[in-house]
Every structure is written in structure tokens, then in C-alpha cells.
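Below is one structure, written out as C-alpha cells; the observations come after it.
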Amino acid sequence: MSDHAAVELSPEAIKFADFMAGLVIPESELDAIRTRSESVHLTAREPEGVTYREVDAGGVLGIWCEPVGANADYVLLHGHAGGSVLSSAFVDRKLAGHIARAAGAPVLVLDFRRAPEHKYPAQVDDAEVAFNWLLSEGYEPGNIVTIGHSIGGFIAVALALRLRDKKRPLPGAIVSISPWCDLEIANETMVTKAETDKILSKDLLEFFRESWLGGTGIEFTDARVNLNRADLSGLPPTLVSWGTYEVLAGEDEEFAARVEDAGIDTATVVVPGGQHSYVYGAGRVPEADDAIAQIGAWVREKTKI
């Protein structure tokens, strides 16, 4: 029998072969940036006592991060960073494991669709699908916490606002870390923190914004995408966290104040000298670990985990 005789391959084997072939094909600029962004997971330490498994969350890929001894009646629904364009659930797996340990509950990290291939509202749509899937799996709405950082911090809030507007049960709490709140990109800290923020810049945010909203006809002031223009009434307890060195610090502080002004049970965790999405340093950066411990304690208190 010839070594090259045709064999019937599984779809998975074909997909694997195509992936491997792609490793030697020159990448587009966007593909190269995406590939590099996947290495950010190296800044987090592998957490002890956490297992991982992939799951189909109603059609959206997710990664369960399950600490030993966690209360499985609760779950944190987590959105990763990347401006809707970069990163993945795989990048956030380790940092989510640290958050899961701090909160005492499993975390489901979503691998939502990315722009520019999938414009707004694809990312919030995917979060809603996963939320509904969790309900179908038997979770009580109040036992679900929406959480995320950067664009994921936006999604954590935007999903709750969408559910509120649909008059559907809300999550028990929201944790929004380094959220992208102002699509006008106009807060003064865009300039005053430009030298200290080593991750984000106004130019990069403008690139993300165009990738996400370009061609949709959605204005940057639209309350669906601009949390600092949104009606925040009726939200569950909400924690907002940011680092003082990030260009989003000003808009995040404004957002936290607006949540409180809306009469919401509000908490803040401000990390002195913290970079944007400081949670990437989970397990290696003491300031990140201290903030994650505070967030975990708050989640336990508000949900009674």
C-alpha cells in the first residue's frame, strides 16, 4: 500500500492539518498582531488547584476554570480583553483561574467572536447566548456574576443592561475591570496617562473602535456602546476596578461615579500604579493579586458564595 494512499480523515484531522499548514504561511498584519497577543498569558502564573475544560456554551466556545472545592452553584461569566479584535479565552484562562480561586466559584471564560470579521453587537450577542446557556444548565440568574476586563469589562455591564431592557432576570453582580467606557476616546487621561500606560494608546483605541464599529452606522455616543452615556439604573451590585497608570483611568472613575449616582450598590478597587488589564499579572504581580483578592472577597459577600 502506498504511503500516499487516500484515507478518509475526520473533520478534526483536516482542521488540524490546515492549522499546521498555516504556521508556515506569511501572516497578515492583523494575524501577526493576534498571534503575538496570545503570548500575554505568559505574564500570569498557572494557579494551583484549578482544572480546565472546553465547553460548547450554546454555540460559543468557553473554557471552564474550576478550582478544587469551588461552589458549583455559582459561576462567573468572564469576557477577555483585546478591544474586540485581539486575544481569546485561552489567553485569559490562567488569570481567570486565579479569580475563580479568590471568588470560590468556577469561571466560564468566553471565546466570543472578534472584529473586524464580526462587528458589534456580535460580542454582546455571544455573551447573552452563554448566559442563556447557563440558565438552561440550571444556574439561577442571581448566582451568575458577569465579569471581564477591558472590552470584557464593557461586555459584563452591557449584557446586564440588555437583560434589564428586555425585562429579563439579571445577574447577581457585575465586576468590570479596566472597562472601555467612552467610545469618544475623549477623557483627559488619554493624554495625562499616555506615558505611564504601557499597553493602550489613543491610536490603538481608535484602531479597535474602527474595527468594531466601522460601517455599522453606530455613533460613538450611542448608549449601547458608550457606558458613560448609558442609563445605568436597575443594575445589580457593581464593582469597578482600574489601574491609576492606564489611559482609561479617567473614564473608569467617571463610570464608577455614574453607577453610584444611579443608586446602585457600588464598590471600587483602584490599583496604584496599575497598568490597563492589570489582572494579566495574576500570580506574579503582588498588586494584581491584592486586587484580585479584594474582588473575590466582594463577590463572595454580594452573592453569598
Side-chain angles (χ1 to χ4, degrees), residues 47-53 55 57-58 62-79 92 95-110 127-128 130-149 152-153 155-164 166-179 232-242 255-256 259-271 279 282-283 288-305:
E48 296 182 8
V50 179
T51 62
Y52 303 95
R53 58 188 174 92
V55 65
I63 300 177
W64 276 114
C65 308
E66 300 170 298
V68 174
N71 190 334
D73 292 334
Y74 294 81
V75 62
L76 281 64
L77 182 61
H78 176 97
D92 273 28
L95 72 85
H98 285 274
I99 293 172
R101 288 189 62 191
V107 173
L108 177 61
V109 187
L110 294 184
E128 184 178 12
F131 186 87
N132 290 336
W133 178 79
L134 288 171
L135 297 181
S136 73
E137 291 291 297
Y139 287 94
E140 295 294 329
N143 288 3
I144 302 172
V145 176
T146 58
I147 183 172
H149 61 122
I155 293 171
V157 180
L159 173 60
L161 292 175
R162 177 185 286 193
L163 295 172
R164 179 204 63 186
K166 291 184 175 182
K167 302 188 184 317
R168 294 189 50 215
L170 301 181
I174 299 169
V175 176
S176 187
I177 301 167
S178 298
L232 302 173
S233 62
L235 289 178
T238 299
L239 183 149
V240 187
S241 181
W242 65 91
F255 173 63
V259 175
E260 186 173 23
D261 289 345
I264 309 305
D265 180 353
T266 311
T268 59
V269 174
V270 182
V271 182
V279 288
D289 290 340
D290 289 345
I292 289 171
Q294 293 179 60
I295 290 169
W298 182 86
V299 169
R300 288 175 186 260
E301 176 191 351
K302 295 304 173 183
T303 61
K304 309 305 179 187
I305 293 176

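Values reported hereafter were calculated over all heavy atoms of this structure, with side chains retained and with hydrogens, waters and symmetry mates removed. Please read these numbers as outputs of a predicted model, since none were measured by experiment.
Contact between Asp289 and Gly283 at its shortest, heavy atoms only, is OD1-N, 2.7 Å. Across all their heavy atoms, Val299 and Ala103 have their closest contact at CG1-CB, 4.1 Å. Of all heavy-atom pairs spanning Arg101 and Pro47, the tightest one is CD-CB, 4.3 Å. Closest heavy-atom contact between Tyr52 and Gly97: OH-CA, 4.1 Å. What you find for Ala282 and Ile292 is that their closest heavy atoms are CB-CD1, 3.6 Å. The nearest pair of heavy atoms linking Ile155 to Ala127 is CG2-CB, 3.6 Å.
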(message) For a side chain to side chain contact (heavy atoms under 4.5 Å, CB included) check, start with the C-alpha distance between Leu76 and Val175, then their side-chain angles and the critical distance, and finish with the verdict.
(response) CA-CA 9 Å; Leu76 281 64; Val175 176; over 6 Å; no

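Considering Val109, Val50, Val55, Val107 in turn, Val55 is the only one that fulfils the side chain to side chain contact (heavy atoms under 4.5 Å, CB included) rule with Trp64. The only member of Leu135, Leu163, Leu134 that meets side chain to side chain contact (heavy atoms under 4.5 Å, CB included) when paired with Pro141 is Leu135.
To the nearest 0.5 angstrom, Ile174 atom CD1 is 4.5 Å from Thr146 atom OG1. Atom CZ in Phe131 sits 6.5 Å away from atom CZ in Arg168 (nearest 0.5 Å). Within the model, atoms CD1 of Ile295 and CD1 of Ile177 stand 4.0 Å from one another, a figure rounded to the nearest 0.5 Å. We find the SG-NE2 distance between Cys65 and His98 to be 10.5 Å, quoted to the nearest 0.5 Å. With rounding to the nearest 0.5 Å, the separation of CD1 in Ile147 from CD1 in Ile99 is 4.5 Å. Rounding to the nearest 0.5 angstrom, the gap separating the OG1 atom in Thr266 from the CG atom in Asp261 is 8.5 Å.
Ser178 is linked by a side-chain hydrogen bond (donor to acceptor under 3.5 Å, both in side chains) to Glu246, counting only residues two or more places apart in sequence or in another chain. Remark: His149 engages His78, Tyr280 in a ring-ring contact (aromatic ring centres under 6.0 Å, His included) (not counting sequence neighbours). With sequence neighbours left out, the side-chain hydrogen bond (donor to acceptor under 3.5 Å, both in side chains) criterion links Lys166 to Glu128. Every residue two or more places apart in sequence or in another chain that forms a side chain to side chain contact (heavy atoms under 4.5 Å, CB included) with Asp265 is listed here: Pro237, Lys302. With sequence neighbours excluded, no residue forms a side-chain hydrogen bond (donor to acceptor under 3.5 Å, both in side chains) with Asn71. By the side chain to side chain contact (heavy atoms under 4.5 Å, CB included) test, Ala262 is found to be paired with Leu232, Ile264, residues two or more places apart in sequence or in another chain being considered. In terms of the side chain to side chain contact (heavy atoms under 4.5 Å, CB included) criterion, residue partners of Gln294 (sequence neighbours excluded) are, by chain and number, Val269. Residues forming a side-chain hydrogen bond (donor to acceptor under 3.5 Å, both in side chains) with Ser233 (at least two apart in sequence, or on another chain): Asp231. Partners of Glu137 by side chain to side chain contact (heavy atoms under 4.5 Å, CB included), not counting sequence neighbours, listed by chain and number: Trp133, Tyr139.
Leu170 has its side chain out of reach of Leu235: every pair of non-hydrogen atoms, C-beta onward, lies at least 4.5 Å apart.
Judged as a salt bridge (charged side-chain N to carboxylate O under 4.0 Å, His left out), the pairs with a partner in residues 63-77 (not counting sequence neighbours) are, in order, Arg53-Glu66.
A donor-acceptor contact shorter than 3.5 Å is absent between the side chain of Thr303 and the backbone of Glu301.
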